[in-house]
Protein chains: 2
Amino acid sequence: MPSAPTPQPSLPEPSLPEPATAGAPGRAPGRRLPGGPVLQDSVTEAIAAAFFEELAAAGYARLSLEAVAKRAGAGKAAIYRRWTSKLDMTVDLVSAVAVNASGAADTGTLRGDVLAFLTEVADALNEPLAARIIPDLIAEGGRTPELAEALFAAVRDTRRSRATQLLERAVARGELPADVDREIALDLLAGPLYWRLAVVHTPTAPDHLDRLTDMLLAAFRA
Amino acid sequence: MPSAPTPQPSLPEPSLPEPATAGAPGRAPGRRLPGGPVLQDSVTEAIAAAFFEELAAAGYARLSLEAVAKRAGAGKAAIYRRWTSKLDMTVDLVSAVAVNASGAADTGTLRGDVLAFLTEVADALNEPLAARIIPDLIAEGGRTPELAEALFAAVRDTRRSRATQLLERAVARGELPADVDREIALDLLAGPLYWRLAVVHTPTAPDHLDRLTDMLLAAFRA
DNA sequence: CGAAGACGAGACGGAACCGTTCCGTCTCGA
DNA sequence: TCGAGACGGAACGGTTCCGTCTCGTCTTCG
């Protein structure tokens, strides 16, 4: 029978990227992802790379799985063998790259920690692919709660807890008053750079992060 | 007659300037009674309101002019009589609403000016429709230069010059050092609130803007 | 009072995708 | 050696949307 057309499977499981039969010689499409997640299969790798390139070029809403398959040099069936839908694929792949945005960065001083944090954010947003993908996913997340939830779990919460720890360490060292407003401090750590690099797309002067760090420290101590 | 299907008209002209007020994209009533023909076009008003509602619900990429027409209770021809394309329509309507985001706000003190500026930004981003539309248009602007250009001309430059004037007034009054970093100060004025309200969608405490103002003043004086 | 024109509705051809299914090929592991 | 199964590729029916173009109705103005 030509199939019962499943209406919307509503994301049963995150679906793993293949149990990985370790042989896999032959093809080596050498592409690499922005963050470089650990993908076993070379076909899966090519599909993931093509996915991010298409996502940056077209945006989530216009992303066509046919275009992803074509760019990866794969058939659509290869995609549907791995993920159940565009949303499933997006949540899975984006979570994978976002998780490895690690970096403890305990430099011993508040200024060093803040500068390290800002540098990391700036580096991420200076990736051309990331600079296009992130605002798009954020906008799409406002409209697709499942996507927003997955992104927040993978990205925001991780980064947020790291920033909070940064502040707590400074309080413990006596570099910041104990009643520093954590909420606003977090917004100050992320907002100005995001605004400049991802929204207004303005280039930064070489000493930008240094100057910004000094101004943020003054704000935290207010 | 199957007609010649024009492929992509590529925006020949900005079309109607649309003097309709369209302040907040509220509801437009169905029709006007033949009392005062001096009033603006009620059909155009209804189309504009429907456009913003659809834009908030679906995003620019998925926005369907058919859906706009249906929501406005209009025919598609009524839209194509006024604009040549979705991009033309978007640039025209968004510019119209963005321009009236005025407000001189010269309160006489730096703190008053900053608080007034932040309040205005927060009010704008607390509009549910605006909070959905703005990130979407920003993301789309990253891949549609014409749209980005129009938005920047209408919104960013206006707001940016106002913020710059705010800083210059403070310098003239001696409230800020003459060498205050204008670039970073502008990012600090816009970024943290945008991050909180439009990206992370976190609610704000009642005294949030007051506390943020104090911290920003400290940063400016660093 | 009658022609002109804007109106809502919607059919139309063409295009793009989706998600599925079928090929014939190629590489594995038993 | 040979079957299992993933592979690229192509096609399918079903949607959705675009932009054009009729319809028949309703105002409006000369």
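Throughout, a chain's letter reflects where its sequence line sits, starting with A, and its residues are numbered from 1.
Atom CG in Leu87(B) sits roughly 11 Å away from atom P in dG19(D) (whole-Å rounding). The interatomic distance linking Glu66(A) (CD) with dA16(C) (P) rounds to 10 Å, in whole Å. Taking atom CZ on Arg71(A) and atom C1' on dG8(D), their separation rounds to 18 Å, with Å as the unit. As a whole-Å value, the separation of Arg62(B) CZ from dT15(D) C1' is 14 Å. Atoms CZ (Arg82(A)) and C1' (dG5(D)) sit 13 Å apart, rounded to a whole Å. In this structure, the CG atom of Leu65(B) is 18 Å from the P atom of dG10(C), given to the nearest Å. Atom NZ in Lys86(A) sits roughly 10 Å away from atom C1' in dC18(C) (whole-Å rounding). At whole-Å resolution of the value, CZ in Arg81(A) and P in dA6(D) are 6 Å apart.
Closest to the side chain of Ala77(A), out of dT21(C), dC18(D), dC18(C), is dT21(C). Checked against dC7(D), dC18(C), dG19(D), the side chain of Lys76(A) finds its nearest nucleotide in dC18(C). With dA11(C), dG8(C), dC7(D) as the choices, the nucleotide that has an atom nearest any side-chain atom of Ala74(B) turns out to be dG8(C). The Ser64(A) side chain lies nearest to dC17(C) when the options are dA6(C), dC7(D), dC17(C). When distances run from any side-chain atom of Tyr80(B) to the nucleotides dC18(D), dC7(C), dG8(D), the shortest one goes to dC18(D).
Taking a cutoff of 4.0 Å between a charged side-chain nitrogen and a carboxylate oxygen, Arg132(A) and Glu53(A) do not qualify as a salt bridge. Under 4.0 Å is where a charged nitrogen must lie from a carboxylate oxygen, and between Asp41(B) and Arg82(B) at least one such pair does.
A residue-by-residue look at Leu63(B) and Gly75(A) shows that Gly75(A) has its nearest nucleotide of DNA chain D further toward the 5' end.
At a threshold of 4.0 angstrom between heavy atoms, the contacts of Ile79(B) with the nucleic acid are absent. Contacts of Ile47(A) with the nucleic acid, taken as non-hydrogen atoms under 4.0 Å apart, are absent.
Few gaps surround CD on Glu168(B); more than 12 heavy atoms of other groups in view lie less than 6.0 Å from it.
Ring geometry for Tyr194(A) versus Trp195(B): interplanar angle over 60°, hence perpendicular rather than tilted (30 to 60°).
Judged by distance alone, with hydrogens and angles left aside, the side-chain atoms of Asp113(A) form a donor-acceptor pair with the main-chain N or O of Thr107(A) at under 3.5 Å.
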